[in-house]
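See below for the structure under consideration.
Protein chains get the first letters and strands the later ones, always in sequence-line order, with residue 1 at the start of each.
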Amino acid sequence: MLLNKVLAHGARAGRIVEVEAYAGALDPASHAYRGRTARNATMFGPPGHLYVYFTYGMHFCANVVCGPDGAASAVLLRGLTPLAGLEEMRAARGPAARRDRDLCSGPGKLCQALGIDRAFDGADLVIGDGGVVLGDDGTPPPRAAGVSGRIGLSVAADVPWRFYVPGAVGLSRSR
DNA sequence: CTTTGGATCGTCT
DNA sequence: GACGATCCAAAGG
């Protein structure tokens, strides 16, 4: 359960409030569906590492590899509540992020805000090599997490594998 | 508030 | 050669 864990890069940190699950080779919507390639190699590795990919010619998205070595299961980080390093986040995001709640309210946004790019692909989030760490500040997972279909997919979007903290700051807009 | 279209390029077919 | 686990600005209500 990643909800309410904390992702930090240097002085910048945010609480994970929205995620989506991808079930490796069994999931038509997963990058791992058509087997291992140079791009998705990290997903096929051990859990606890960061899988970062580039899409739409301009955005990065970050996943946490969660299945055992070889399973290629991963969880996409879709939304964070900004906790620290807000000034740095604003500088990285630019004028488009008018309110604090806009800083990390989307998969591409949170990567831009935290300064995560392809160079961080494969980083170990537990020991924090590369400067990106996944931590726990004692906040328990939500008593009742919200659930919905996944967003932005052309296949298997109806599978209810999007989980979020109801009412939290930093959720991407739901449909 | 909602809807719509453009930007932009690495990766796989 | 096509398309994507997206975002944003602009335009209309």
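- R93(A) CZ to Q112(A) CD: the interatomic distance, rounded to the nearest 0.5 Å, is 5.0 Å.
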Run the side chain to side chain donor-acceptor pair (under 3.5 Å) test on H31(A) and Y51(A) for me, step by step, so that the C-alpha distance in whole Å, both residues' side-chain angles and the decisive distance to 0.1 Å come before the verdict. CA-CA 11 Å; H31(A) 289 167; Y51(A) 167 49; 3.0 Å; yes

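- A salt bridge links R150(A) and D27(A); the closest N-O separation between the charged side-chain nitrogens and carboxylate oxygens is under 4.0 Å.
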For DNA chain B, please output the secondary structure as dot-bracket, reading 5' to 3'. Pairs are Watson-Crick or G-U wobble, both atom distances under 3.5 Å; mark crossing pairs with [ ], other-strand partners with |, unpaired with a dot. |||||||.||||.

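- You can see that DNA chain B meets the heavy atoms of chain A within a 4.0 Å-exclusive cut from dT3(B) to dT13(B), reading 5' to 3'.
- In this structure, C111(A) SG and I116(A) CD1 are separated by 5.0 Å, a value rounded to the nearest 0.5 Å.
- When the side chains of ILVMFWY residues are joined at heavy-atom separations under 4.5 Å, either directly or via intervening members, I127(A) and V65(A) end up in two distinct hydrophobic clusters.
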Base contacts versus sugar-phosphate-only contacts with protein, heavy atoms under 4.0 Å: please encode nucleotides 5-13 of chain C as B, S and - from 5' to 3'. BBSSS----

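- Between R39(A) and D121(A) there is no salt bridge, since no side-chain nitrogen of the basic residue lies less than 4.0 Å from a carboxylate oxygen of the acidic one.
- For F54(A) and H59(A), the distance between ring centers is not under 6.0 angstrom.
- Annotation for R78(A) and S172(A): closest pair NH2-OG, 3.4 Å, computed over non-hydrogen atoms.
- Around atom CZ of R34(A), no more than 12 heavy atoms belonging to other residues, nucleotides or ligands sit under 6.0 Å away.
- Note that the NZ atom of K109(A) and the CG atom of L114(A) stand 14.0 Å from one another [nearest 0.5 Å].
- No engagement by R150(A) is indicated, since no non-hydrogen atom pair under 4.0 Å with the nucleic acid exists.
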